[in-house]
There are 2 protein chains.
Amino acid sequence: MNSSTERTHSILNTALGLVRNMGFESVSIASLAKEVGMSKSGLFAHFNSKEKMHLMILDHAADKFAHDIFRISLKSKRGLPRLRLIVKNWLSWFQVNGGGTCPFLAAAVEYDSRPGLVKDRIQLHIGRMIKSLNRSIDICVEEGEFVNDLDTKKATYEIYSLIVGQLVYLRTIEHKTASKMFKISFEELINRYSV
Amino acid sequence: MNSSTERTHSILNTALGLVRNMGFESVSIASLAKEVGMSKSGLFAHFNSKEKMHLMILDHAADKFAHDIFRISLKSKRGLPRLRLIVKNWLSWFQVNGGGTCPFLAAAVEYDSRPGLVKDRIQLHIGRMIKSLNRSIDICVEEGEFVNDLDTKKATYEIYSLIVGQLVYLRTIEHKTASKMFKISFEELINRYSV
DNA sequence: TCGATTATAGCACGATCGTTCGATCTATTA
DNA sequence: TAATAGATCGAACGATCGTGCTATAATCGA
C-alpha cells in the first residue's frame, strides 16, 4: 500500500464519519476537503469525480461493516453464538460515537431515484449483507440448532426486518424500550426456529 | 377553502410526487417551480422559506397517508379484517405509479442529522403512524381475535418491522419473492397472536 | 544531486440554490 | 369604473457546488 492509498484511506475514514452524521448527500467534495484540511482541487485529485468519491466511500463503509460485524464474529463459536454476536454487533454499529445514520440506508434512500453506478453498488452491498446474514443462519441449521426444514431465507428476512425496524424505532421512541423489544422479539424468533 | 389554498394544495400534490421519485432534498424551490410551471419567486411566495415548504410537504404526505391507509380501512370490519387491510394498503402505497421512495423514510434519513422543525415533524408523523397501527392491533385484542395478554406494543414493532424490511427487500431482491415472504411472515405473526 | 513523478494548491468557470425586491397582472369589491 | 389586494414574474444577490487548468511543493529513483 503506497502513501497515496494510505492518504486516501485516511480521507475515506473521515468521509465515513461525515456520512454517519450528515447523510450521504451532504458529503460534498467541498465539505470533505474542508474537513480534512485540503483544498477542493487537492481532494478532487484523489477521486476524479464526485460519483467515484461516493462509490469509494460506499465500498469503504462496506469493508468496515463486513469486518466489524461479520469477520470479527468468526472468533465466536459456529452457529447460534455467532449469529447472536453478529446481530449484537450489527445493532451496536449504529450507536458508536453517539449514533449516526446507517450509511447504507442513507445511500439507498438518497440514490433511490438516481440510477447509475452508485445505486447499483448500494444494492450490491445490501444484498451481500443479507446473504452473509443468511449464511450465518444456515450454519445454525447445519449445527442442528435450528430445525432442518427451516426456510432460512424467510428467517433472514424476519431478523433483518427486526434490525431495520429497530433503526427506525431508536429514533422515534425511547431507546431502552426499543432495544428491550428487539431482544424479546429476536429471542422469540430464535425459539421458533429451534423447535 | 379559498383559491390560494387550492393552488397550494395542487402544488403540494405535485411536490409529493417529486419527493416520491426524487427524494426529499432534490425537491428544491427551483425544481418544484419548474415542475409546476411557475417562477421561483412566484412559488416561493407560497411557502416563504424552503424549511416551511418541506414542512408543508411533510404534513401533506402525512394527511394523504392517514387517509389512504387508515381512514379508508375504517370501512372494513373492526379487528383482524381492518388490520389486514391497513397492512395491505400500507405496502401498496409504495408501489403505485411504479413505486417510489417512502417520503417519511426519505425525510427521516435526509434530516436525521439536521435538528430543527422538520426533523421534529418527521418523528411526530412516524410516531403517529406507529400509534395508529398499534391501535388497530389493540382492537383485535378487544374483539377477542388476539389473545388477551398480547403485548401489543411488541406486536406493533414486529409488524412495522416486517413492513420496513419489505421496503428494503423490494429494492434488493426480486419483487415476487419479497412479497411472498412478507405474506407468510405476516400470517405467522397473526397466528401467533391468536393463540 | 538531479530529474521525474506525484500530491496539493490557487483560481476561474458555469450551474444551481434560497432569498429579496420591485414591477405587473388578475380579480374582487366599493 | 376605480381602487385595492393577492398572485405571479423577472432580475439580481451571495453562497455553494463540481470540475478543469496551471503552477508549485514534496517525494523518490537514478
Side-chain angles (χ1 to χ4, degrees), chain A residues 1-16 18-19 21-60 106-107 110-111 113-119 121, chain B residues 1-16 18-19 21-60 106-107 110-111 113-119 121:
Chain A
M1 187 185 276
N2 60 31
S3 74
S4 155
T5 340
E6 276 179 32
R7 183 79 183 105
T8 303
H9 191 266
S10 137
I11 290 173
L12 286 174
N13 270 330
T14 305
L16 186 52
L18 277 188
V19 169
N21 55 36
M22 298 181 47
F24 227 83
E25 272 311 273
S26 311
V27 181
S28 59
I29 288 184
S31 69
L32 181 54
K34 182 171 291 182
E35 186 74 15
V36 300
M38 287 180 66
S39 66
K40 274 201 300 173
S41 49
L43 184 85
F44 182 84
H46 280 270
F47 303 108
N48 291 313
S49 83
K50 190 190 185 184
E51 185 182 43
K52 275 181 194 145
M53 180 181 80
H54 277 181
L55 276 177
M56 292 184 67
I57 296 177
L58 215 44
D59 287 345
H60 185 71
E110 296 177 19
Y111 272 94
S113 50
R114 284 185 274 171
L117 292 180
V118 179
K119 184 176 177 184
R121 195 70 63 94
Chain B
M1 188 183 277
N2 60 32
S3 73
S4 155
T5 343
E6 275 179 33
R7 184 79 183 104
T8 303
H9 191 267
S10 135
I11 289 173
L12 286 174
N13 270 330
T14 305
L16 187 52
L18 277 189
V19 169
N21 54 37
M22 298 182 46
F24 227 83
E25 271 312 273
S26 310
V27 181
S28 59
I29 289 184
S31 69
L32 181 54
K34 181 170 291 182
E35 185 74 13
V36 300
M38 287 180 66
S39 66
K40 275 201 299 175
S41 47
L43 183 85
F44 182 86
H46 281 268
F47 302 108
N48 291 313
S49 81
K50 190 190 183 184
E51 184 181 43
K52 275 182 193 143
M53 179 181 80
H54 277 180
L55 276 177
M56 292 184 68
I57 296 176
L58 215 43
D59 287 345
H60 185 70
E110 295 178 19
Y111 272 93
S113 49
R114 283 186 274 170
L117 292 179
V118 180
K119 185 177 177 182
R121 196 68 64 94

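Source: prediction; values computed, not measured. Naming convention: chains lettered A, B, ... in sequence-line order (proteins, then strands); numbering from 1 in each chain.
B/S31 places a side-chain N or O within donor-acceptor distance of the main-chain N or O of B/S26, the cut-off being under 3.5 Å.
To the nearest angstrom, C1' of D/dT8 lies 15 Å from CG of B/L32. Protein atom NZ of B/K52 is 13 Å distant from nucleotide atom C1' of C/dT19, rounded to whole Å. As rounded to whole Å, 13 Å separates atom C1' of D/dA25 from atom CE of A/M38. Atoms CG (B/L43) and C1' (C/dT19) sit 13 Å apart, rounded to a whole Å.
Once rounded to the nearest 0.5 Å, the distance linking NZ of B/K119 with CZ of B/R114 reads 11.0 Å. Distance NE2/A/H46 to NZ/A/K52: 14.5 Å, rounded to 0.5 Å. With values rounded to the nearest 0.5 angstrom, A/L117 atom CG is found 5.5 Å from A/L55 atom CG.
Considering all non-hydrogen atoms of both residues, B/G42 and B/S39 come closest at N-OG, 3.0 Å.
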Report, one pair per line, the protein and nucleotides 16-19 of chain D atoms (nitrogen or oxygen only) whose separation is under 3.5 Å.
{"from": "D/dC17", "atom 1": "OP1", "to": "A/S28", "atom 2": "OG", "distance (Å)": "3.3"}
{"from": "D/dG18", "atom 1": "OP1", "to": "A/I29", "atom 2": "N", "distance (Å)": "3.3"}
{"from": "D/dG18", "atom 1": "OP1", "to": "A/K50", "atom 2": "NZ", "distance (Å)": "3.4"}
{"from": "D/dG18", "atom 1": "OP2", "to": "A/I29", "atom 2": "N", "distance (Å)": "3.0"}
{"from": "D/dG18", "atom 1": "OP2", "to": "A/A30", "atom 2": "N", "distance (Å)": "3.2"}
{"from": "D/dG18", "atom 1": "N7", "to": "A/K40", "atom 2": "NZ", "distance (Å)": "3.1"}
{"from": "D/dG18", "atom 1": "O6", "to": "A/K40", "atom 2": "NZ", "distance (Å)": "3.1"}
{"from": "D/dT19", "atom 1": "OP2", "to": "A/K50", "atom 2": "N", "distance (Å)": "2.6"}

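OP1 or OP2 of C/dT6 has not a single side-chain nitrogen or oxygen of A/R7 nearer than 4.0 Å. A close approach under 4.0 Å does not occur between any side-chain nitrogen or oxygen of A/H46 and OP1 or OP2 of C/dT6.
Applying the side-chain contact (heavy atoms from CB on, under 4.5 Å) test between B/T14 and each of B/V27, B/V36, B/I57, B/V19 identifies B/V36 as the sole match.
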